[in-house]
Amino acid sequence: MRTSWADLAANSAAENSGPAFSANNAGTGSTVAPSRPVYVPPHLRNRQPSAEAPVPAPAPAYSGPSSGSVGSSAAGNSGSRWPAPRNDHRSGYGGGGGRPGGWGNRSGGWDRGREVNPFEEEDNAEEAFNEQENTGINFDAYEDIPVETSGENVPPPVNTFAEIDLGDALNQNIRRCKYVKPTPVQRHAIPISLGGRDLMACAQTGSGKTAAFCFPIISGIMRGQPVQRPPRGVRTVYPLALVLSPTRELSMQIHEEARKFSFQTGVKVVVAYGGAPINQQLRDLERGVDILVATPGRLVDLLERARVSLQMIRYLALDEADRMLDMGFEPQIRKIVEQMDMPPPGVRQTMLFSATFPKEIQRLASDFLSNYIFLAVGRVGSSTDLIVQRVEYVQESDKRSHLMDLLHAQRANGVQGKQALTLVFVETKKGADSLEHWLCLNGFPATTIHGDRSQQERELALRSFKSGNTPILVATDVAARGLDIPHVAHVVNFDLPNDIDDYVHRIGRTGRAGKKGLATAFFNDNNSSLARALADLMQEANQEVPAWLSRYAARSYGGGRNRRSGGRFGSRDFRREGSFNRGSSDYYSAGNSSGGYGGSGGYAGGYGPGVTSAWD
DNA sequence: AAAAAAC
């Protein structure tokens, strides 16, 4: 918990990066030739220095985008056997030879065994909660989950990590994370990704999506053939995988997770996001990067400075993908993915993950994908039987006192009079500040996170909340998606969002990893456009729908952006909607209004009304 | 209309 990225960076700054990738000789004018950025594949990095590692096979080096063949596609599928633990000099898959050094092997390569152990921080943080039922994932909650896949030749799911052959080092880390067996989304998504296929995956909040895209990426990089990244100036780095997320804190979190998964695999993970000094991030990049986790703005900056090139990208993952492709983000994402030097779909491997996936966003997203598999993993009806959802009718003017009542009751029921962690969502940044102020005045220790606060303040607020120091966090939607905050007992929608998908993500901050949670929403006339969708959602989640809400729902306009189509799944592959698009070859006609999509007609998959989302 | 995301 203690270790911020800055601390980590400070630690590692002391290290010597090995010769492998230390491309730059300080002076700009200094000769480039001897220290060309020769890429040393991860499986060679932990060797004894004598192993003469970084001599890549001559031929397959970088042969343009077409060499981007994804990890397992070529040889990987046939015998997914790890290369023998000795170094041979064959090229291609297995060519690197040598499996990644075991736990004890801390020599050679660039890090020389000084890799910070990412597991230690966690263990300490957990103790603060002395909670016995806390470790691991409650898998019982994930039994009987319906799964829908579509696309050609879908690889079958696996039941255990053991049968996936991710490699020793990664398996060790999986054990250290106490992941006993894969969650449903992992069972399906990992074989798909290892099979080299593009993927659009919808899975409930808190169900392990991060690992689902990290494992195949790490494994693929480890087993991938050595490539030489083209020198384009010594200061440019060439990550092999790019993971984008919509908020800085989520990028930080993904980075922390990915660091655990890649511990002692030789795979290097770097994070870059705005609001923090860029210099440390640049230094981190110079020390080598295989997986870059980033927010879009900072990444564009790095690309424009030519400090990062996407030319060698083999894996692209968009977390909260529907968010990344909505109006606010889409141009930036398009720029990054389509207008820089990233290999095109079909060459790179692309994975999109979210708990929600509106149809029109699916349509947009298909631009970034090639012959992809659609995967929806969800409990019947809803994301979250684990979350008890309550809706209360509260006038604007009564919201504060109502919240106070909830907090008082909660404190009374709490263990040792301690306030359980409560996450309060509001609509605006100003509203967040003023509610925080009011709560503090009234004796409730609260803090706030929103986009008008400095990055330092944001991170401090989150830490303080996580630790229980400040058990009430008032947040805008910056905290709605992806953040994994253990022990959040209660999510309060003080102001309801306008979009039901945002509601799904917000309440998903509780009830994670199979644990139970509570979500309370304050509803009034201002939220009438959400009534129908909210009532439907709650009904599908087997929640008690107040009669007044049902009446509201019946009264309000049925359609609107928030209307989901029914069915077992929150979402379906948009390619399967409509009458004439069953085949896999013609789904691009989807954009054509004559094809049954996109018209103003009443199809569930249409543009305007009938927008559907996946959740859970 | 608001939120997020670079300097």
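Throughout, protein chains are lettered first and strands after them, A, B, ... in sequence-line order, and every chain is numbered starting at 1.
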Where the side chain of [X] is defined as all heavy atoms beyond and including C-beta, which of [options] is the nearest nucleotide?
X: A/Asp301; options: B/dA2, B/dA4, B/dA6; answer: B/dA6
X: A/His450; options: B/dA4, B/dA6, B/dA2; answer: B/dA4
X: A/Thr428; options: B/dA6, B/dA1, B/dA3; answer: B/dA3

Ignoring hydrogens and angles, state whether a donor on the side chain of A/Gln455 or A/Glu459 is under 3.5 Å from an acceptor on the partner side chain.
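The answer is yes; a qualifying pair exists.
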Hydrogens and angles aside, do A/Thr476 and A/Arg453 bring a side-chain donor and acceptor to less than 3.5 Å of each other?
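No pair is found: no donor N or O on one side chain lies under 3.5 Å from an acceptor on the other.
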Determine the contact category for [X]: base if any of its heavy atoms lies under 4.0 Å from a base atom, sugar-phosphate if only primed atoms, P, OP1 or OP2 are that close, otherwise nothing.
X: A/Val478; value: sugar-phosphate
X: A/Gly451; value: sugar-phosphate
X: A/Arg458; value: sugar-phosphate
X: A/Arg323; value: base

Over 60° means perpendicular and under 30° means parallel, so classify the ring planes of A/Tyr393 and A/Phe523, tilted if in between.
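Ring orientation of A/Phe523 relative to A/Tyr393: tilted.
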When you check the phosphate oxygens OP1 and OP2 of [N], does a side-chain N or O of [X] lie under 4.0 Å from one of them?
X: A/Arg481; N: B/dA3; value: no
X: A/Thr476; N: B/dA4; value: yes
X: A/Thr295; N: B/dA6; value: yes
X: A/Lys429; N: B/dA4; value: yes

Can you measure [X] atom [atom1] to [N] atom [atom2] for me and round it to whole angstrom units?
X: A/Arg453; N: B/dA5; atom1: CZ; atom2: P; value: 14 Å
X: A/Asn493; N: B/dA2; atom1: CG; atom2: P; value: 19 Å
X: A/Asp477; N: B/dA1; atom1: CG; atom2: C1'; value: 13 Å
X: A/Gln332; N: B/dA6; atom1: CD; atom2: C1'; value: 8 Å
X: A/Asp433; N: B/dA3; atom1: CG; atom2: C1'; value: 14 Å
X: A/Leu496; N: B/dA3; atom1: CG; atom2: P; value: 16 Å
X: A/Phe329; N: B/dA2; atom1: CZ; atom2: P; value: 18 Å
X: A/Tyr273; N: B/dA5; atom1: OH; atom2: P; value: 11 Å

Looking at A/Asp477 and A/Arg506, does any basic side-chain N land under 4.0 Å from a carboxylate oxygen?
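A salt bridge links A/Asp477 with A/Arg506.
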List the steps, then state whether side chain to side chain donor-acceptor pair (under 3.5 Å) holds for A/Thr295 with A/Arg248.
CA-CA 6 Å; A/Thr295 48; A/Arg248 298 162 182 173; 5.5 Å; no
What about A/Asn498, does its side chain sit under 3.5 Å from the base of B/dA1 through a donor-acceptor pair?
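Per atom types, the contact qualifies.
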